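Taking it in order: structure first as structure tokens, then the write-up.
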2 protein chains.
Amino acid sequence: MDITTQDIPETVTSISQAAELTGLTEDTIRYYERIGLLPYADRKPNGHRQYSKDQILGIRFLLRLKATGMTLEEMRHYLELTRQGDSTLSERYTLLEAHNDYIAREIAKLQETQDVIRYKLRHFRELAENPNTDAYDCEVPGDSGR
Amino acid sequence: MDITTQDIPETVTSISQAAELTGLTEDTIRYYERIGLLPYADRKPNGHRQYSKDQILGIRFLLRLKATGMTLEEMRHYLELTRQGDSTLSERYTLLEAHNDYIAREIAKLQETQDVIRYKLRHFRELAENPNTDAYDCEVPGDSGR
DNA sequence: GCTTGACTTTGAGCATACTCCAAGTAGTAC
DNA sequence: GTACTACTTGGAGTATGCTCAAAGTCAAGC
């Protein structure tokens with residue numbers, strides 16, 4: 001993963017470059033700016049957007065939150081607090097902590113489903129080895145087997 | 001969690017009961033039937049839907065797939081294969097295996113983000129202990145700290 | 001000066017997954 | 001027979017998160 005920051009220049013001078021560095025499309029970056037998820041970006045004299053390295057890093061962090069289930073609106077709220085400065089630190093702490101708990105519950109859910117799927121895969125393999133052994137009508141993890 | 005099947009009667013005689021047993025709303029159950037995600041349910045003489053225990057268990061399994069990121073369309077496809085019988089077992093095996101891999105990648109992503117968030121939470125605690133120590137402009141996990 | 005390409009803004013359109021509503025029916029309670 | 005409740009169908013509307021298109025600007029190359 002890119003916890004590294006080495007691939008990012010100090011100044012990113014175009015939206016296409018920003019798109020490449022974040023994995024977003026240009027349209028999505030403009031959309032995020034429009035809905036206030038990203039602040040109005042600096043423009044060069046010709047009107048084109050430019051970004052600092054820190055802004056790109058900020059977007060990458062946002063995308064982590066998004067990839068782990070946070071909505072754009074929640075992210076927008078979090079960033080609004082960030083812009084308000086250190087007086088909101090404790091509220092931001094609470095929000096991040098809550099999201100971390102959410103992630104923990106998500107992981108638990110995913111692992112449970114992996115157990116169920118693995119059970120079914122094993123069952124499928126048994127069916128493939130000795131077919132129509134319909135005698136034991138396999139009952140359990142959330143489903144009747146087939 | 002309910003890996004148990006004990007709370008489900010052999011026959012579920014109304015959509016409201018089915019909703020309660022699956023956690024879906026009645027509207028969502030009807031919607032799933034409409035788009036072909038669920039088969040056309042048996043009706044009682046008065047036209048009301050009824051479900052077997054196995055059908056409820058089937059829905060619960062579906063909801064696991066959904067909760068772990070499978071789309072309704074993918075689920076619909078999987079169920080279509082199930083209806084086609086044992087000749088599709090190997091294809092279903094492949095699909096479930098792929099979904100299991102997908103879940104593994106999701107878990108990894110969630111855990112990475114937990115690491116980043118925990119880093120940030122630690123940083124917030126340090127800021128709270130000795131404020132405006134802006135000397136070390138903390139660099140890393142995906143963001144400039146504040 | 002004209003074309004090309006990378007950008008700009010604004011607004012409309014789209015995919016997914018519901019969610020709600022209107023109008024009607026069937027069975028029970030009184 | 002009237003009211004009430006739980007259902008039915010079909011269609012329309014909504015929220016989220018993009019995605020695309022039209023029309024225009026600006027700078028560089030020829």
Side-chain angles (χ1 to χ4, degrees), chain A residues 9 11-51 55-56 59-80 99 102 106 109, chain B residues 9 11-51 55-56 59-80 99 102 106 109:
Chain A
T11 304
V12 172
T13 60
S14 73
I15 195 171
S16 62
Q17 216 185 137
E20 206 169 313
L21 289 169
T22 59
L24 293 171
T25 68
E26 302 177 19
D27 270 329
T28 301
I29 293 176
R30 291 192 196 100
Y31 168 68
Y32 283 177
E33 191 181 304
R34 234 193 309 190
I35 64 171
L37 178 56
L38 299 178
Y40 186 81
D42 283 352
R43 309 291 148 120
K44 293 186 289 189
N46 63 5
H48 294 193
R49 286 169 181 80
Q50 60 182 352
Y51 299 89
Q55 286 174 321
I56 298 297
I59 294 174
R60 285 194 183 170
F61 176 65
L62 269 197
L63 292 182
R64 282 192 176 280
L65 295 181
K66 179 170 183 299
T68 54
M70 194 177 279
T71 65
L72 300 189
E73 176 53 28
E74 287 171 310
M75 284 156 52
R76 206 201 47 69
H77 178 220
Y78 179 82
L79 291 182
E80 197 176 293
H99 189 61
Y102 170 80
E106 282 296 298
K109 193 161 65 184
Chain B
T11 305
V12 173
T13 60
S14 73
I15 195 171
S16 62
Q17 218 187 134
E20 206 169 313
L21 290 169
T22 58
L24 293 171
T25 68
E26 301 177 20
D27 270 328
T28 302
I29 292 176
R30 291 192 196 99
Y31 168 67
Y32 283 179
E33 190 181 302
R34 237 193 304 188
I35 64 171
L37 178 55
L38 299 178
Y40 186 81
D42 282 352
R43 308 292 148 120
K44 293 185 290 188
N46 63 6
H48 293 195
R49 286 168 181 81
Q50 60 183 351
Y51 299 90
Q55 287 176 319
I56 299 297
I59 293 174
R60 285 194 184 169
F61 177 64
L62 269 198
L63 292 181
R64 280 192 178 282
L65 296 180
K66 181 171 182 297
T68 54
M70 194 177 279
T71 66
L72 300 189
E73 176 52 29
E74 287 171 311
M75 284 156 52
R76 206 201 48 66
H77 178 220
Y78 179 82
L79 291 182
E80 198 175 294
H99 189 61
Y102 170 80
E106 281 296 298
K109 193 161 65 185

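Source: prediction; values computed, not measured. Below, all heavy atoms of this structure are taken into account, side chains as well, without hydrogens, waters or symmetry copies. Labels below follow one simple rule: chain letters A, B, ... track the order of the sequence lines, proteins then strands, and each chain is numbered from 1.
We find that OH of A/Tyr32 is positioned 12 Å from C1' of D/dT19, with the value rounded to whole Å. The nearest whole Å value for the distance from the CE atom in A/Met75 to the C1' atom in D/dG17 is 11 Å. One interatomic measurement links the two molecules: OH of B/Tyr40 to P of D/dT8, which rounds to 9 Å at whole-angstrom precision. In this structure, the NE2 atom of A/His77 is 16 Å from the P atom of D/dT16, given to the nearest Å. Remark: C1' of D/dT8 and CZ of B/Arg30 are 7 Å apart, rounded to the nearest angstrom.
Checking the phosphate oxygens (OP1, OP2) of D/dA6, no side-chain nitrogen or oxygen of B/Ser14 falls inside 4.0 Å. OP1 or OP2 of D/dC18 lies within a sub-4.0 Å distance of a side-chain N or O belonging to A/Lys66.
Across residues 19-29 of chain B, B/Asp27, B/Thr28 each have a non-hydrogen atom less than 4.0 Å from an atom of DNA chain C (numbered order).
Nucleotides of DNA chain C lying under 4.0 Å from heavy atoms of chain A occupy a range whose first and last members, 5' to 3', are C/dC7 to C/dG11.
Within the 4.5 Å cutoff, side-chain heavy atoms of A/Ile29 are placed close to those of A/Tyr51. With contacts defined as side-chain heavy-atom distances shorter than 4.5 Å, the pair B/Arg60/B/Leu21 qualifies. Inter-residue side-chain proximity for B/Pro39 and B/Leu79 is flagged as unmet; no heavy-atom pair is nearer than 4.5 Å.
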Decide side-chain contact (heavy atoms from CB on, under 4.5 Å) for B/Arg43 and B/Gln50; before the verdict, give the C-alpha distance in whole Å, the side-chain angles of both, and the deciding distance to 0.1 Å.
CA-CA 6 Å; B/Arg43 308 292 148 120; B/Gln50 60 183 351; over 6 Å; no
List the steps, then state whether side-chain contact (heavy atoms from CB on, under 4.5 Å) holds for A/His77 with A/Glu74.
CA-CA 5 Å; A/His77 178 220; A/Glu74 287 171 310; 5.7 Å; no
Output, in order, the C-alpha distance, side-chain angles, deciding distance and verdict of side-chain contact (heavy atoms from CB on, under 4.5 Å) for A/Leu62 and A/Leu37.
CA-CA 9 Å; A/Leu62 269 197; A/Leu37 178 56; 4.1 Å; yes
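In this structure, a donor-acceptor pair under 3.5 Å is absent between the side chains of B/Thr11 and B/Thr13.
Residue side chain B/Arg34 reaches the base of D/dG11 through a donor-acceptor N/O pair under 3.5 Å, judged by distance alone.
In terms of position on DNA chain C, the residue among A/His48 and B/Tyr31 whose nearest nucleotide sits closer to the 5' end is A/His48. Nearest-nucleotide assignment on DNA chain C puts the 5′-proximal partner with A/Gly47, out of B/Leu72 and A/Gly47.
In this structure, A/His99 NE2 and A/Glu106 CD are separated by 9.0 Å, a value rounded to the nearest 0.5 Å.
Looking at heavy-atom distances under 4.0 Å, B/Ile15 makes contact with sugar-phosphate atoms alone, never a base.
Salt-bridge check for B/Arg30 with B/Glu33: failed, with every basic side-chain N at 4.0 Å or more from each acidic carboxylate O.
Side-chain proximity of B/Arg43 to D/dT19, D/dT9, D/dA6: nearest is D/dT9.
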